[in-house]
Amino acid sequence: MSDSAPAPAAPSAPAPTAADEHGRPPFGRAILDAVLEGNSVVVTILAIVTAIVLGGLLIAFTNSTVLHAWGNLFSSPGNAIAQAWDAASGAYVAIFEGAIFNPHTVAALFQQKSMSVALHDGTVSAVFNPLSETAVNATPLILAGLSVAVAFRAGLFNIGGQSQFIGGAMVATWLGFGVSLPPVIHVIVCVLGGFAGGAAMGMLVGLLKARTGAHEVIVTIMANYVMAYLLSYLLSKPSLLEKPGANGNLISPNIASDAHLPLLAGTHLRINAGFLLALACAAGVWWLMSRSTLGFEFRTVGANPNAARSAGMSVPRTWILVMLIAGGLAGLAASTVIQGTDFSLNFQSYGTYGIDAITVALLGRARPGGVVLAALLYGALHAGAPLMQASTQTPVDIVQVIQALIVMFVAAPPLIRALYRLRAARAGGTGQVLSKGWNA
Amino acid sequence: MNLELQGITKRFGSLVANDHIDLSVTPGTIHALLGENGAGKTTLMNILYGLTQPDEGTILADGKPLTIHSPKDAIAAGIGMVHQHFMLVPVFTVAENVTLGDEETRALGLLDRRRMRRKVRELSERYGLRVDPDALTGDLPVGVQQRVEILKALVRDAQVLILDEPTAVLTPGETEDLFRIMRELRASGRAIVFISHKLKEVQAIADTITILRRGRVVGERPRHTSEDELAALMVGRSVQLRVAKTAAKPGRVMLDVRDLVVPGGHEGLPGAEHTAAVNGLSFRVRAGEILGVAGVQGNGQTELCEALMGLLPVTSGSVHLNDHDITNAAPAMRLRSGIGYIPEDRQQDGLVGSFPVSENLILDTYNRPPFASGPALNLGEIRATAERRVKEFDIRTQSISAPVETLSGGNQQKVILAREVGREVRLLLASQPTRGLDVGSIEFVHRRIIEERDKGVAVVLVSSELDEIYALSDRIAVMYEGRFTGFRPPDVPVEELGLLMAGIGGIGTPGDGAADSSERTPPGDSANAGPGSLEQPDSPERTSPGAVQPDGPGPPEQAPPGATGPPEPAEPAGSTERAGSTGAAGSDGDDPTVTVGKPT
C-alpha cells in the first residue's frame, strides 16, 4: 500500500537516457496499454462485428434506392427494410466473393470440357483468385504491421512506416533495375536491399532519440514528409530513379524480371513468395520477442525503462536496435509490393501502408499472430472492395470507413462492453478498489 | 460524533476483504487500525468514506443508521479522509485547493478569494497546521501537501478524520509534525482513524488500537501494548522484531570509495550543476560486514546508490570493487562483477510489473547461462529456477507466471531479493529494503541480508528507518548533505545519531554535538545551510521549507536547491525515534532541539 511513495527528488541523469520518461511508461507503451486495457479478444471480435454492422447501415442508407424506399416507409414498410437489407448484404456478399470465394467461378469450372483445359485457361485459378488477392493485399500489411508491433512492444510509437517503406522501396527498386545479377541472387539482394533501406530510416529515428532525446513520434512524422518529397524528386531525375521517357509521370523503370518474387500458384494468380516471407517474418518476430534475450530486452525497456537500466540494459542501444528492426520490416513490406505485384515505383506507391500498419498492429494487439489475422482481415476487405464497387455501385471508400470503425471500437472498449453488456475485465470500478486494497 | 461500524462485510469475488468487522470510534480519540498490507484496513475505510459499498453491515452515527453511498454523503455526515495519494491540483494555491468544490462565491458567482484565504488561515492557525494559503501546492513538500489535505477535510467540518497510511510518504520530522497536529485535532474533540502498519507510530499516537488480520478484527488493545504482542496479533505468529545476528567477521576490503562526487539537483534548475548530491565521500566496506548508511532522505543516499550501480555519472573520485576500478563501468559490467542491487523504489526501478514472476527473477541475468543459450532464452531453466526460488524465498504468488504487480509489496521485495542474492554476489547494495513492508516481511528480508553477510558478502544498507539501521548494521555511517558526518559503532545512542543526521556533530567527536561544528563544516555550499539551522534553534518546525514565507532573508532559506535536501526536518528525526523507542511518547519532539540550540 505504501510502497509507491513518490521520491521527492528525482535523480538527475544525463539528458538522452530514460530520465525523461521517469515515472511514466513510454509513450508507445501507453498507447498500447490504453487500447489493450480491459480489452479481451472477445471485445476485439465484437468490435469487428459492430463495425461491420454499422458499415452495413452506412452502405444501406447512402444508397439512393434504399433512401427512396424509406421515403415511402409508411405505405410499404416491408419494402423499405427489404431494400436496406438487400443493399447491405449485396455489398458484403460482393466483398466475400471478391476476397474469399465466388460461386460463379465454380459454376464456370463445371462448364469446362475437361480438367486439363480448366487448369490451363485459368478457370481453376479463378476459383482461388479471391484468396490469392486477399493474401497479396495482406502481405505488406503483415510486414508493416509487425514493424509497428515490434516498436510498440519496446515502448516506441512508430508512425514512420511510410518513410521506412519509401526507404526500402527506393533501394529495392534501384537494385531491381539498376544492377544485373543472376536470377535467384537478384531476388534475394533486392529483398535484403528493401530491408536495409527501411532499417536505415528506422535506425536514424532510433539514433536521434537515443542521442538527442528527440521524440520518435515527431521524428517519424517529419521523416514521412521528407521521404515522400525525396521520392518525388528522385523520380523526376532521369539520372536517378526516373523511367526513361516518363515525361514527368514520376514513375521508375520496371525492375528486371529476375528480381520478381516467384509466383506460388501459376501465372494466373498474383500470390507470390512475399506472402511466405511475411509469414516467416511473423514467426521470426514471435521468436524474437518471446524466446530471445534481445526480445527480453525490448520488452523490458518497453514496459519499464527504469527497471531495464537498473538491470544493466542499455536503453538507448535498445531504442536504436528496435527501430532498426521495425524499419527493416517496413522496408520488407515495400519489397513485397515492388517485387511482388507492382514491379515499379511511383510517387504514391507508399499508399496508406504506414497508417494501415498502425491499425493492423493495434487490432492484432501487437502480437505477431494477431497482426497476421488483422492483416488478413484488412487484406480481405481490400481484395473484395473492387468487386463490391463493380457489382453494387457501393464506393470502395466504404472499406476505409469500416476499417476506421473497427479501430475506433477497438480503441473504445467501454463502448463495446456497454453495447453488449459485458462485465469489465480488469479496468474500472471494483477492480481498482480491489487492487488498491489488496494488491499493494 | 460517535461512529459505530457493525458487522461490515465486503467480498471481492471469492476474497473476503472485510469479515464482519465491528469498530467504534469515539470523539476526542485517536483510533489506530493496525494490520499488514492486505488485511482490509483500506477497504474498511473506503466503505466508511463511501468509495465502496459493503455487502453486509451497518454504520451508526450517534446511534442512528447512516447510509453512505458516495464521498459526498460521507462529507455531509462529517467524515473526512486523507488518502495516501493526495488529490490536489498542483498549479492551484493552497486556498484554492482547500476550497475546491466548496468555493466561496460573491454575487454573479465570482470567487471570493479573500474569504477563502481567511478561512484557510484561520483553520491553519487554530490547529497549528502552518500552511501559507497563497503558496502553490505543487511547490510544497509532501508533508505540507498532506496538511493541505487535512485542511480540506477541516474546512468541510469533518468530525471524524480518516488518515490512510499518512506517514508512508513522510520523513521522520514530518511525521512528528503530523502527530502534533493529530493531537491538537484530538484535543478539539475530533475523532481520528489512523491507518498504519508501523508498530512504533501506532504506539506513539493511538489511544486505542484495533488490529486487523485477513479481513477480521483479531483484537483491540490500549496504547501501552508491547510491540511483540501487536506484531504477533498482526502477523498471526510471534515475530522477531530484531533479527538475531552474531558479530561480524570482516574480511578483505570489498568496496573502496574515494572522494566520490556525484552531481545532483533537478535538471533545468538554475544553479543545479553547482550542487553535488554526493560531495566527496570516502569509505570502505569489507567482506562480511554491513555498513548502515543512516540519514534523512534526500541527503544524497539515492544518488550514492545509483552512482555505485553506474546509473549516475561520477564527477570525480574513484570506486573500486574487489581491487578493480569500476568508477566508469556500465551497470551491466557491475552486475557481472558481483554487485547485487536492491533499489529504493522497487516498482519503479526493480521490477517490471506486467512481467511474470519468473521473468522478474531473471531481469538482470537473462543474457547469461544457464538462462540464455546463445541468443535464445532457456525457458525450461528459467521456469525451474523460478519454481525453486519461489519455494526457497517463500514468495506468495498464484504461480510463477502471475504478473509481479499482483503480488503484495513484501512478496515483490522477496522477488528482488531472490534475484539479487540468487547469483554470486560480492557486494549487496540495499536501498530502503523494507520500505512499506509489513512486519513479517521485514523479518524475512532482514534475515536474508544477514545471511548474505555471513556468507562473506559486503553489504551497504541505506535506510531512513533508524530501527533498521540498528537491527542490521555492523558500522553506521550518517549521511548529511552528501557527506558522511560520522562513522559510529552499532551501539551509538540514538540521540547522537539524530544529531549527526541533522548535520550536527563531527567525525571524530562522538557525544558533544554542536561544539565543533567548525571542524565539521566543509568549505563550500553546505557552509550556509549547516550553521544556518543552528541559528534558529527555537523553531525548527516552523522552518519546514515552503510552509511559511520567511519575513526576512533568513539563512536557512539560502540552502542550495536540488537534491541535497532541507536540513531542518532532520532534527525531529532523531527525536521521533527516540520518543518511540523509549516509550515516552507523550511530550516528545521539542527537548532535543533545545539541547541543540543552547551551545550556539
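In the text below, chain A, chain B and the rest are named by the order of the sequence lines, each starting its count at 1. All figures in this text were calculated on a predicted structure; none of them were measured in a lab.
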Q) Top residue by heavy-atom pair count (under 4.5 Å) with chain B, among A/L288, A/T300, A/L294? A)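 Of the candidates given, the most pairs with chain B belong to A/T300.
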**Item:** B/R368, CZ atom: more than 12 neighbouring heavy atoms under 6.0 Å
**Value:**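 It does: B/R368 CZ has more than 12 such atoms within range.
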Can you confirm whether A/M203 is buried at CE, in the sense that more than 12 heavy atoms of other residues, nucleotides or ligands lie under 6.0 Å from that atom?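 No, the 6.0 Å shell around CE holds no more than 12 heavy atoms from other groups.
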Considering all heavy atoms of both residues, which atom of [X] and which atom of [Y] are nearest to each other, and what is their separation?
X      : Y      : value
A/A303 : B/S354 : CB-OG, 3.9 Å
B/P375 : A/W287 : O-CH2, 4.0 Å
B/A332 : A/G312 : CB-O, 3.2 Å

Find the one option among B/V262, B/L363, B/L335, B/D364 whose heavy-atom pairs under 4.5 Å with chain A are most numerous.
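Top count of heavy-atom pairs under 4.5 Å with chain A: B/L363.
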- Query: If you count heavy-atom pairs under 4.5 Å between each of B/M333, B/E359, B/R336 and chain A, which one has the most?
  - Reply: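 Looking at each option in turn, the highest pair count goes to B/E359.
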Inset, instruction - Working to the nearest 0.5 Å, report the span between CD1 of B/I416 and OG of A/S310. - result: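 With rounding to 0.5 Å, CD1 (B/I416) is 9.0 Å from OG (A/S310).
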- prompt: Say you draw a straight line from CD of B/E306 to CZ of A/R309; how long is it, rounded to the nearest 0.5 Å?
  reply: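 Rounded to the nearest 0.5 Å, the CD-CZ separation comes out at 7.0 Å.
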- request: For side-chain contact (heavy atoms from CB on, under 4.5 Å), just list the numbers for A/F296 and B/F355, CA-CA rounded to whole Å, side-chain angles, deciding distance to a tenth of an Å, and then say yes or no.
  value: CA-CA 10 Å; A/F296 188 78; B/F355 279 17; 4.2 Å; yes
Which atoms of [X] are under 4.5 Å from chain A, going by heavy atoms: the side chain, the backbone, both sets, or neither?
X      : answer
B/I362 : both
B/A330 : neither
B/Y366 : both

Is it the side chain or the backbone of A/S290 that comes within 4.5 Å of chain B heavy atoms, both, or neither?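 Contact with chain B is through the backbone of A/S290 alone.
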- Query: When you measure from the side chain of A/N304 to the backbone N and O of B/D349, does any donor-acceptor pair fall under 3.5 Å?
  - Reply: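 No; zero donor-acceptor contacts below 3.5 Å.
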